[in-house]
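Input: a single structure, listed below in C-alpha cells.
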Protein chains: 2
Amino acid sequence: MLTKKELKAYCANASENYLPHISIDCVVFGFHEGLMKVLLSEMKNEGEWYLPGGFVLKSEPIEMAANRILKERTGLDEIFLQQFYVFGAPERSKEHFEMYKDMLPPKENWFSNRFLTIGYYALVDFCETNPTPDQFSATCNWCDLNDLPALKLDHALILTTALDTLRLQLNYQPLGYNLMPKEFTMPELQKLYETILDKKLDRRNFQRRMLAFGILKRSEQLRKGGAHKAPYLYSFDLENYEAALKEGFKGGW
Amino acid sequence: MLTKKELKAYCANASENYLPHISIDCVVFGFHEGLMKVLLSEMKNEGEWYLPGGFVLKSEPIEMAANRILKERTGLDEIFLQQFYVFGAPERSKEHFEMYKDMLPPKENWFSNRFLTIGYYALVDFCETNPTPDQFSATCNWCDLNDLPALKLDHALILTTALDTLRLQLNYQPLGYNLMPKEFTMPELQKLYETILDKKLDRRNFQRRMLAFGILKRSEQLRKGGAHKAPYLYSFDLENYEAALKEGFKGGW
DNA sequence: TACAATTGTGTCAACAATACACTAAGAATT
DNA sequence: AATTCTTAGTGTATTGTTGACACAATTGTA
C-alpha cells in the first residue's frame with residue numbers, strides 16, 4: 001500500500017497524463033516445464049493479487065499502451081498481443097477504490113473513478129521474460145495456471161475469458177511461435193497444446209496434423225542429452241506461420 | 001448540423017451524464033430479399049454517413065448502453081448483440097470534432113475529446129426493425145452491404161471488422177435465429193449463409209450439414225404460393241440452438 | 001400435356017480423423 | 001555385451017466427413 005503522499009503524487013500525475021475511466025489489463029501466458037503460467041502481481045498489501053495493468057496516455061494508441069505496460073512488466077518488446085474484451089460493469093473497480101478512499105477525497109482520487117478495462121492477452125517465451133513489479137506491487141511473478149491465488153476485482157473473470165479466447169483461437173490459427181523457444185521438439189510442442197486444451201492428444205496423429213499445416217521446419221539436428229532416443233528439433237517456418245495466422249486453419253482439436 | 005444553441009445544450013448534457021472519452025458504435029446487420037443490409041445514419045449535413053452510435057451513462061453497464069442505443073435506433077428490445085473490438089487510435093475522432101470546433105470552445109465542446117469506441121455488432125430481423133434517426137441525423141436507413149456510401153471517421157474499418165468477426169463466428173457457432181423470421185425454408189436459410197460468406201454453397205450438402213447440427217425443426221407445412229415446388233418450412237429449435245451457441249460447432253464452411 | 005424451374009432425397013469417391021502396432025535409439029542394469 | 005526400460009519416429013486399417021453429382025417429385029406456365 002502506498003503512503004498518503006505517494007498516493008497523492010500518483011493521482012495528480014495520473015489525472016494529468018492518462019485518459020480517465022479507461023484501464024488496460026493484461027493476461028500474460030507463458031509455458032514452462034509442461035505447465036501454463038500466468039504473470040501476476042502481488043500488491044504490497046500481502047495476499048492481494050492482480051493481473052498486470054495500467055492506463056492509457058492521453059494521446060497514445062491503446063495498442064501502444066498495452067505494449068508499454070508489458071514492456072515494463074516483462075522487459076520484452078514486440079510481444080504477441082491481442083485485445084479480447086472490454087469489461088465495463090459499473091461497479092467493477094469499486095473494490096479497488098475502497099482501499100484508498102480514506103486517504104484522499106474522491107475529487108483528487110484517481111481510483112474513485114469508474115474504470116472500463118480493455119483486456120489484452122499476451123503470449124511470451126517464459127525464459128526470455130524478466131518479471132518486474134510496479135510501484136504498487138511487492139512482486140511480479142509467474143503463477144501456475146492450475147494453481148492460482150484468488151484474484152481481486154474481476155480479474156479472475158478476465159483471466160478466464162482470455163483463456164477461453166486462447167482455446168478458441170487454437171481451432172483456427174497456428175499457435176506456439178510466441179510461447180516456445182526458437183527450437184523445440186515435437187513432443188514439447190504437443191505438451192503445449194495438451195496443456196492449453198487440458199487434454200491428452202495422440203502422439204502420432206498430432207505429429208501428422210501439425211506437419212500437414214506446413215508451418216514447421218525440421219532441423220537435421222537432434223536434441224541430445226535426454227535420457228532416451230534423441231528427438232528431432234523443429235522451428236517454425238515464419239513465412240508460412242504468418243500466412244496461416246491470416247488465413248486460418250480449417251478444423252479444430 | 002446542429003445550431004450553436006443545440007450543440008451547447010447537447011454538450012452540457014453529455015458532459016453531465018456520459019462517461020467522457022468512450023463511445024459505442026453498432027453495426028446492425030439485417031437480411032432481406034437475399035441481400036445483407038446494414039443500418040446507417042445520414043447526418044443532417046448531406047452525404048455524411050455514420051454507423052449508429054452513442055455514449056455510456058456514468059453508471060450504466062456498457063452492454064446496457066449498447067442495448068439502449070439500439071432500442072432507440074431500431075425500436076427493438078432483446079437484440080442479439082456482441083462486442084467485438086475497441087478502436088482506440090488517438091486521432092480517430094478528430095474529424096468529427098473539426099465539424100463543430102468553430103461553434104464551441106474546446107473546453108465546453110464534448111466532441112473535442114478523444115474517443116475510444118467500443119464496437120458491437122447486432123443481428124436483427126429486418127422486417128421487425130423500425131429505423132429511427134437520432135438528433136444529428138436526417139435519416140436512419142438500411143443500406144445494402146455491397147453498395148455502401150463512404151463512411152466518416154473510421155466507421156468503414158469498424159464495419160469491415162464486424163463483418164470479419166461475423167464470418168469467423170459462422171465457423172463455430174449457429175447463426176440465423178436472429179436474422180431470419182420465425183419460419184423459413186431451407187433455400188432461404190442457405191441464401192443467408194451464401195450472402196454472409198459471399199460464395200455459393202451446394203444445396204444438398206448445405207441441407208445435410210444444417211440438419212446434422214440438430215438446431216432445426218421441420219414443420220409439416222409447406223410454403224405455398226411460390227411458382228414451383230413448395231418447400232418445407234423450418235424453424236429453429238431454440239433449446240438446441242442455445243446449446244450450440246455455447247458449445248460451438250466443429251468444422252467450418 | 002409438355003416444359004421449365006425448383007425442391008427433396010440418395011449415392012459414391014476422395015479425403016480426413018481415429019485408433020492402434022511396430023521399429024529404432026539412448027541409457028541404465030545385469 | 002546383452003537385457004530392459006523409456007521415449008521417439010513411422011505406418012496402416014478403419015471409420016467418419018465432405019464434396020460432387022443424379023434423379024425423382026411438385027408446381028405454374030406455355
Side-chain angles (χ1 to χ4, degrees), chain A residues 33-34 170-174 176 180-181 183-195 197 199-235 244 247-253, chain B residues 33-34 167 170-174 176 180-181 183-195 197-235 244 247-253:
Chain A
E33 293 179 347
L170 214 56
N171 285 327
Y172 58 89
Q173 286 199 327
M180 301 295 283
E183 294 203 302
F184 50 89
T185 68
M186 195 60 84
E188 284 164 2
L189 183 61
Q190 181 178 342
K191 187 79 192 164
L192 171 65
Y193 274 73
E194 289 182 338
T195 306
L197 293 169
K199 71 175 173 188
K200 284 271 163 220
L201 299 173
D202 184 276
R203 199 164 59 81
R204 295 149 282 196
N205 297 334
F206 178 81
Q207 166 140 335
R208 176 153 29 107
R209 187 141 164 217
M210 212 64 212
L211 291 176
F213 290 150
I215 58 172
L216 292 177
K217 282 184 302 194
R218 186 162 96 173
S219 154
E220 282 318 302
Q221 299 200 329
L222 304 173
R223 159 138 321 159
K224 310 281 186 168
H228 308 289
K229 178 172 178 175
Y232 284 99
L233 286 171
Y234 289 86
S235 59
E247 294 292 315
F249 291 149
K250 199 94 191 273
W253 298 92
Chain B
E33 293 180 347
R167 286 189 177 136
L170 214 55
N171 285 327
Y172 56 88
Q173 287 199 328
M180 301 295 284
E183 295 204 301
F184 49 90
T185 67
M186 196 59 84
E188 284 164 1
L189 184 60
Q190 180 178 343
K191 187 78 193 163
L192 171 64
Y193 273 73
E194 290 182 338
T195 307
L197 293 169
D198 197 25
K199 71 175 173 189
K200 285 269 164 222
L201 299 172
D202 183 275
R203 198 165 59 84
R204 295 147 283 194
N205 296 334
F206 177 82
Q207 166 141 335
R208 176 163 25 124
R209 190 139 161 216
M210 212 63 211
L211 290 175
F213 290 150
I215 58 173
L216 292 178
K217 283 185 299 195
R218 186 163 95 174
S219 153
E220 281 320 301
Q221 299 200 327
L222 304 173
R223 159 136 325 154
K224 309 280 184 168
H228 308 286
K229 176 169 179 175
Y232 284 100
L233 286 171
Y234 290 86
S235 59
E247 293 291 318
F249 291 149
K250 201 92 192 274
W253 300 91

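Below, each value reflects all heavy atoms present in this structure, side chains not excepted, and no hydrogens, waters or symmetry copies. Convention: sequence-line order gives letters A, B, ...; per-chain numbering from 1. From a predicted model like this one, the values you see are computed outputs, not experimental measurements.
- Put simply, NZ on K199(A) is 12 Å from C1' on dT18(C), counting in whole angstrom units.
- The distance from atom CZ of R209(A) to atom C1' of dG11(D) is 19 Å, rounded to the nearest whole Å.
- In this entry the distance linking CZ of F206(A) with P of dA19(C) reads 16 Å, nearest Å.
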_Base-contact (B) and sugar-phosphate-only (S) positions in nucleotides 20-27 of chain D, heavy-atom cut-off under 4.0 Å, - elsewhere_ = BBB--BBB
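- Remark: K217(B) engages S235(B), D237(B) in a side chain to side chain contact (heavy atoms under 4.5 Å, CB included) (not counting sequence neighbours).
- K200(A) has its NZ atom 15 Å from the P atom of dA19(C), to the nearest Å.
- Taking the side chain to side chain contact (heavy atoms under 4.5 Å, CB included) definition, one finds that T195(B) meets it with F31(B), M36(B), K191(B), sequence neighbours left out.
- By the salt bridge (Lys or Arg N to Asp or Glu O under 4.0 Å) test, R204(A) is found to be paired with D202(A), residues two or more places apart in sequence or in another chain being considered.
- Under the side chain to side chain contact (heavy atoms under 4.5 Å, CB included) criterion, P174(B) pairs with I215(B), Y241(B), A244(B), L245(B), F249(B), sequence neighbours left out.
- Separation of atoms CZ (R167(B)) and CG (D198(B)) is listed at 6.0 Å; rounding is to 0.5 Å.
- Rounding to whole angstrom units, CZ of residue R218(A) and P of dA8(D) are separated by 14 Å.
- Distance CD (Q207(A)) to C1' (dT18(C)): 16 Å, rounded to an integer number of Å.
- Residue L201(B) contributes atom CG, which lies 13 Å from atom P of dT18(D) at whole-angstrom precision.
- For Y234(B), there are no ring pair (Phe, Tyr, Trp, His ring centres under 6.0 Å) partners, not counting sequence neighbours.
- Per the geometry, CG belonging to L211(B) stands 14 Å off C1' belonging to dG10(C), to the nearest Å.
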